[in-house]
Amino acid sequence: MATTNAQLAALFARMADVMQIIGVDGFRVNAYRKVSRVLEDLSEDIAKIGPDMKRLTEIDGIGKGSAERIIEFLKTGRMKDHDDLVSQIPPGLPALLDISGLGPKTAALLWKEGGIESVEQLKEKLKDDSLAALPGLGEKKLESLRKSLTFTQSTGGRVRIGQAMPVARWFVEKLRTIPGHKVKEVAFAGSLRRGRETIGDIDLLVAAPEADGGAISDYFVKLEPVGQVIVKGPTKTSVRTKSASGDEAEGMQVDVRIVPLECYGAALMYFTGSKEHNVSLRQRAIDRGLKLSEWGLFKGEQRIAGRTEEEVYRALGLDFIPPELREDRDEIAQAERHTLPDLLNIEDIHAELHAHTTASDGRWSIRELAEAAVARGFHTLAVTDHSKSQPIANGLTVERLEQHIKDVHEVAASMKGKIRILAGSEVDILADGTLDYPNSVLRELDLVVASPHAALSQDPEKATKRLLRAINNPSVTIIGHATGRLINRREGLHPEMKALFAAAAERGIAFEINANSYRLDLRDAHARAALEAGVKLAINTDAHGPPDLNELIYGVMTARRAGATKHNVINCLSRDALTKWIASTRA
DNA sequence: GCCGTTTTCGGCCCGACTGTTTTCAGTCG
Ligand SMILES: Nc1nc2c(ncn2[C@H]2C[C@H](O)[C@@H](COP(=O)(O)OP(=O)(O)OP(=O)(O)O)O2)c(=O)[nH]1
Ligand SMILES: [Mg+2]
Ligand SMILES: [Mg+2]
Ligand SMILES: [Zn+2]
């Protein structure tokens, strides 16, 4: 079940597509796209906001017109302007826009001049060169469309950041060590650097002498994982990776930009984005009689900044803006007023408060887990295996839990001085909001992380009640992966987050950002709303085995996207402060 | 269509690569 926000976002996006094909003014199209984007990013359920013109138009990018359309949809379940627009073109036509290199102009041409109304019909017509007769279409263009079509089916959407990051790191390493060329810097940029939960493509930036650009592109497209070359030039090359069978990250696009070191900062800003952040910065430059591009910040012909990002931001009268905040929300105004939050760093994390062992479905012993936490430099580890209603996860019965607590204490005693180990539990929040152990048992635990695992397609009202009940359980200290979503796999619950955060703030308990890249739950927008409500965050890896602690970075990036400082995150507390804080949650 | 510490009307980012273009349009980042 898609949320109202998602449905509305899809309607506005579709209207934008149709308008582009029929040739509506691009700025209007952009306005529709922006509405679609803000609806998608909104942390609050638009249905909950309701048909409230004032509140809707307070949302940046939504004006009177869009608000009216949203209200119409909320009231009637339909949107006339959308239906009218869509009826103007064949239903199969917008799908042509998913073909790489085929935009609105070509779609309109193929339809009006070529009689093509769907991807299927396009494929059929591409079997010979008859379309080359159309104005602006030649044989090379047809050939490139044929090539695009071969991967348009196989590559759908966005991949988890945890899938994209290792691929990006591999390419970065390869480019850093090109034999015989003077590569000065290599970095990943784009949504990956901004820490988004899903990644559309991998964007890589290389700093090297201008003369080396061509050779670096040559080298790049010959790398083993590179399949199709989409475009290739001396400063910009795009490829698609081979479809390694069974690999989820198959067929990813990788974009490389190559610029001289003098432009590296400006290019990194450009390539990190977001697009909307870039546009705002460029507009700001114009307002100051300057010009900003990936080649630098210019006053007339003269480059006045470009070597580093700091330099460019400073020349624009701004503090450095961390990549995770570059989404054109309010970060530019904050950078101007010097009020950007001092975001936490991964080094600020000193505790893991949600991890599993072989006692339930983990793949390592208590001791192995503890040693890994020590290696991370943590002062505290909470062992939190599953509770009894999770038989698939080998959840612990009360009897097994009693023994497990003893086992944890034993390891804890033997590792005293190296790390403090808490005997906790990840207690299932049952469908009705009760917890999977009685309170008498919960009280014996050092830490209770309560999280939902089943009944994840409950309707929003039920989900809200369920989680509220868990929040108000006096034994609970952290609500873990609150929605239970799995990225690209399962939507999870859609509770009214605002109500949950208000209750959690009242109780003084924390909401987890589960750092596992399948979960990232709370997601960035929810974590931001939690902070606004005054709720503390926990960042936990939910580690089940050795590699899992490495996903911590994704949780940290998500928290940074929410604007979190180390004072907002309980894993950043000192050992003693954490002890006190946990005690304060258990009245 | 949206928006306003110079504006309620008139702007709305800027550049690389490709193909069919004899001077630039389309698409994409
Ligand atoms: N100035 C400007 N920069 C753009 C534009 N489109 C993209 N960029 C910049 C900002 C983007 O973050 C960066 C990389 O483009 P991508 O299409 O890969 O977007 P991004 O990585 O942000 O998201 P993704 O996860 O790949 O969909 O290039 C644009 O129209 N104008
Ligand atoms: Mg990208
Ligand atoms: Mg890209
Ligand atoms: Zn867990």
- Task: Could you check whether A:Asp287 gets within reach of a base, just the sugar-phosphate, or nothing at all, counting any heavy atom under 4.0 Å?
- Result: nothing

- Item | Nucleotide B:dC2, atom P - distance to CD of A:Gln283 in whole Å | 18 Å

- Side-chain N or O of A:Lys291 closer than 4.0 Å to phosphate OP1/OP2 of B:dG15: yes

Only pairs under 3.5 Å count here: list side-chain donor-acceptor contacts from residues 22-29 of chain A, not counting sequence neighbours, and write none if there are none.
| from | atom 1 | to | atom 2 | distance (Å) |
| --- | --- | --- | --- | --- |
| A:Asp25 | OD2 | A:Phe27 | N | 3.3 |
| A:Asp25 | OD2 | A:Arg28 | N | 3.3 |

- Determine, for A:Tyr518 and A:Arg489, whether the Lys NZ or Arg CZ falls below 6.0 Å from the six-membered ring centre while staying within 45 degrees of the axis. no

- Message: Need to verify one output field. Residue with the more 5' nearest nucleotide on DNA chain B, A:Ser280 or A:Thr235?
- Response: A:Ser280

- Report which part of the nucleic acid A:Ser66 touches: base, sugar-phosphate, or nothing (heavy-atom distance under 4.0 Å, all strands). sugar-phosphate

- B/S/- along nucleotides 22-29 of chain B (protein heavy atoms under 4.0 Å) is ----SSSB

- Item | Between P of B:dC14 and CE of A:Met269, the distance in whole Å | 14 Å

- For the pair made of CZ in A:Arg284 and P in B:dC3, what is the distance, rounded to whole Å? 19 Å

- Looking across every strand, which nucleic acid part, if any, lies under 4.0 Å from A:Arg69 by heavy atom: base, sugar-phosphate, or nothing? sugar-phosphate

- Item | Interatomic distance where CG belongs to A:Asp25 and P belongs to B:dG10 [whole Å] | 15 Å

- Query: How would you list, by chain and number, every residue that makes a side chain to side chain contact (heavy atoms under 4.5 Å, CB included) with A:Arg523, sequence neighbours excluded?
  - Reply: A:Glu197, A:Arg485, A:His526

- In whole angstrom, give me the gap between the P atoms of B:dT5 and B:dG1. 23 Å

- Task: Could you give me the CA-CA distance, side-chain angles and deciding distance for A:Glu185 and A:Arg176, then say whether salt bridge (charged side-chain N to carboxylate O under 4.0 Å, His left out) is met?
- Result: CA-CA 7 Å; A:Glu185 302 269 1; A:Arg176 214 189 285 283; 5.5 Å; no

- Message: Quick one: does any side-chain atom of A:Ser217 pair with a main-chain N or O of A:Gly233 as donor and acceptor, under 3.5 Å?
- Response: yes

- Message: For the residue pair A:Arg326 and A:Phe320, would you count it as a cation-pi contact if the rule is NZ or CZ under 6.0 angstrom from the ring centre and within 45 degrees of the ring axis?
- Response: yes

- Atom pair distance, as rounded to whole Å: CD1 in A:Ile230 and C1' in B:dC17: 12 Å

